[in-house]
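Okay, structure first, notes after.
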2 protein chains.
Amino acid sequence: MYNLEQLRMFVETANLGSFSACARKLGKVQSAVSQGIANLEIDFDRQLFDRSTRKPSLTPDGTRLLSYAQAILLQMDELDSAAQAMGRQEEALIRLAVDNALLLPNFYAVLARFERQFSATDIEVVSTTSFDVLEAIESDQADIGLTFVEFDFNRDVELGYIGSLNFYPVCHPQHSLAQVNEITAGDLLPHRQVMSRSSKGSVPTQLPQLSSKAWFCNNYTAMQSLTEQGIGWAYLPAYLAEESIQAGNLKKMKFSFDHKTWKLSIEMVRQKNKAMGPALAWLHDELKSLLDE
Amino acid sequence: MYNLEQLRMFVETANLGSFSACARKLGKVQSAVSQGIANLEIDFDRQLFDRSTRKPSLTPDGTRLLSYAQAILLQMDELDSAAQAMGRQEEALIRLAVDNALLLPNFYAVLARFERQFSATDIEVVSTTSFDVLEAIESDQADIGLTFVEFDFNRDVELGYIGSLNFYPVCHPQHSLAQVNEITAGDLLPHRQVMSRSSKGSVPTQLPQLSSKAWFCNNYTAMQSLTEQGIGWAYLPAYLAEESIQAGNLKKMKFSFDHKTWKLSIEMVRQKNKAMGPALAWLHDELKSLLDE
DNA sequence: TAATAACCATCGGTTTTGGTGATATGTATA
DNA sequence: TATACATATCACCAAAACCGATGGTTATTA
């Protein structure tokens, strides 16, 4: 029966076009490679290389089998690197809980880098409301999370400020509030506000309810779509709002009482006193500068 | 360095939950497996099994590495079966050229069975017009083909009748011809016919042009769509026509001169005097009964 | 044309490895 | 407590892989 070393000889020889070169690369003598390949050919009962020319060249059969051999070696590399990763105590799985407003391009870029660094560690991304993110961390359903600050959540989690995100009040361009130049609190009252709310019914503490009626979503893109339909006004993350404003689907509202744009503080959350493996530590570090530019 | 036999012991032991059982299955003694696994654990520098209980059970690390090991063994099976397929002279690639009207569910079913039978043989399907199918076979761009009979193609290919397909004349329900109860050749003349035509400009010899104006497609689904748009009338394969008639998008036309429905003869084509490998022979045989029910 | 340098196949001798069988130990079950 | 079944360990053996030397072949260069 053939073995992995012979398969390695096979692909190396195919790459280098020479038994001796392959031997040098693999730290063996030429005759070992010569015999190894010969044995492989006996096992497969196929000739892999044509030796009639100066340099051994792949036969059609060899070409066809080569891709299979390469696949095996690739899998083997993954097995090795997985074993090594485990030697470095890298986690098998990291569960991320993220407020859906924070699924920024930068966030995905961090995950892409993570993949390259820790290919043996799986990732689970759950996007939800900030309140649910905090609950997921607290109940050990997630290892690390990104949330907006929630003032009334004083439980046992480890928080760290990492930046902020602008929110704009917006409504449909034809909405009656869109025409008003200095919207007062009284103006807002009779209208409908589209708001975020967690699965447990918690409303974000940083964004006030200013209208008497409200519709609730658990994600901001739904809020964006509803507002675009003219169903009400909403505070939307700047990047979503601007996208719609550019397209002419939404208009920024002018409040008489908001002198500065709303900035929601963003925190990274972890379980208190829980050890971090190398992968989680790396992620924790990288996410700190998620909001930097 | 670990080897394939050890990986096999690993997955077998994990499956059976016992070193001895694994040894029995692999035809070795128990101590061989015990040592093999122990050596694997040394190589990986990870403990794979927990021996504290009665039956060795996978550690978390073992579970994680098991899937990698299984992947390698699967790849190995594929390598083996590819090598064996080559020993049986099975082809690396079979190129099919098929008139696009003949891409019937049955056709795909045959390919699905082919895949199970000849997993090491790749398939290339080119769908085009019958005339181009014949040309592809003749010029060795395809190994086997399915076409409608083309009376003016008398070149060096091997043909065999395998059945026939009904064609209906159809037009949009609002089309003026849709209302006529006994359409004569004269009625058709002023209208537009949607027709199939090959890349070289050849028109199918079995389906006549009956109208003065024509639009041309190289595939029948395009003809179906154009006809559904009311752009003209067309002869369509029964299965396409009926689909649209059911949906109310097309209507079958009543010709005074077509007393029976048009039946186009279908042939299987191969290059003359060219040897068939086992895979091609199988396919040739299966496709013979493509039109049977 | 001769010399040189690379390359590959083959073969005897040595080392390594995987496998065997015996034995000791441990653990459920009756 | 006896039994049946599992696993770890060890000494030993045979097959395999490997090494180094040799000879034949083919390009390249002087």
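Naming: A, B, ... by sequence-line order, numbering from 1 per chain. These numbers come from a predicted model, not from an experiment.
In this structure a side-chain-to-backbone donor-acceptor pair under 3.5 Å is present from A:R46 to B:M86.
Across all strands shown, B:M9 has heavy atoms under 4.0 Å from sugar-phosphate atoms exclusively, and none from any base. Looking at heavy-atom distances under 4.0 Å, A:S34 makes contact with a base. Counting non-hydrogen atoms under 4.0 angstrom, A:K55 reaches nothing in the nucleic acid.
Contact check on A:K288 versus A:D285 returns a salt bridge, with a Lys/Arg side-chain nitrogen under 4.0 Å from an Asp/Glu carboxylate oxygen. Note on A:E124 versus A:R95: no salt bridge recorded, every NZ/NE/NH1/NH2 to OD/OE distance being 4.0 Å or above.
Remark: C1' of C:dA6 and CG of A:L16 are 15 Å apart, rounded to the nearest angstrom. Put simply, OH on A:Y2 is 14 Å from P on D:dA17, counting in whole angstrom units. Distance CZ (A:F19) to C1' (C:dC7): 10 Å, rounded to an integer number of Å. Whole-Å rounding puts the A:D43 CG to D:dA15 C1' distance at 14 Å. Taking atom CD1 on A:I37 and atom P on C:dT10, their separation rounds to 14 Å, with Å as the unit. B:E5 places its CD atom 12 Å from the P atom of D:dA17, with the value rounded to the nearest Å. Atom CG of A:L26 is separated from atom P of D:dC19 by 11 Å (rounded to the nearest Å). The separation between A:N39 atom CG and C:dA9 atom P is 12 Å, rounded to whole Å.
When the side-chain nitrogen and oxygen atoms of B:N3 are compared with OP1 and OP2 of C:dG18, one or more of them lie within a distance under 4.0 Å. The phosphate of C:dC8 (OP1 or OP2) has a side-chain N or O of A:S20 nearer than 4.0 angstrom.
Counting distance only, with no hydrogens placed and no angle test, the side-chain atoms of B:S31 and the base atoms of C:dG19 include no donor-acceptor pair under 3.5 Å. Evaluation of atom-type donor-acceptor distances gives a pair under 3.5 Å for the side chain of A:R54 against the base of C:dA6.
Side-chain proximity of B:Q35 to C:dA9, C:dT10, C:dT20: nearest is C:dT20. If you check D:dA17, D:dA6, D:dC19 against the side chain of B:R24, the one that comes closest is D:dA6. Proximity note for B:S18 (side chain, C-beta onward) versus D:dT7, C:dC8, D:dG20: the nearest is D:dT7. Residue B:Q6 places its side chain closer to C:dG18 than to any other of C:dG18, C:dC8, C:dT20.
Residue whose closest nucleotide on DNA chain D sits further toward the 5' end, between A:M1 and B:P56: B:P56.
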Quiz item: Do A:F19 and A:F49 pass the ring pair (Phe, Tyr, Trp, His ring centres under 6.0 Å) test, and can you show the C-alpha distance, the side-chain angles, and the key distance before you say yes or no?
Solution: CA-CA 10 Å; A:F19 290 176; A:F49 290 97; 5.7 Å; yes

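Between A:F44 and A:Y2, the distance separating the two ring centers is shorter than 6.0 angstrom.
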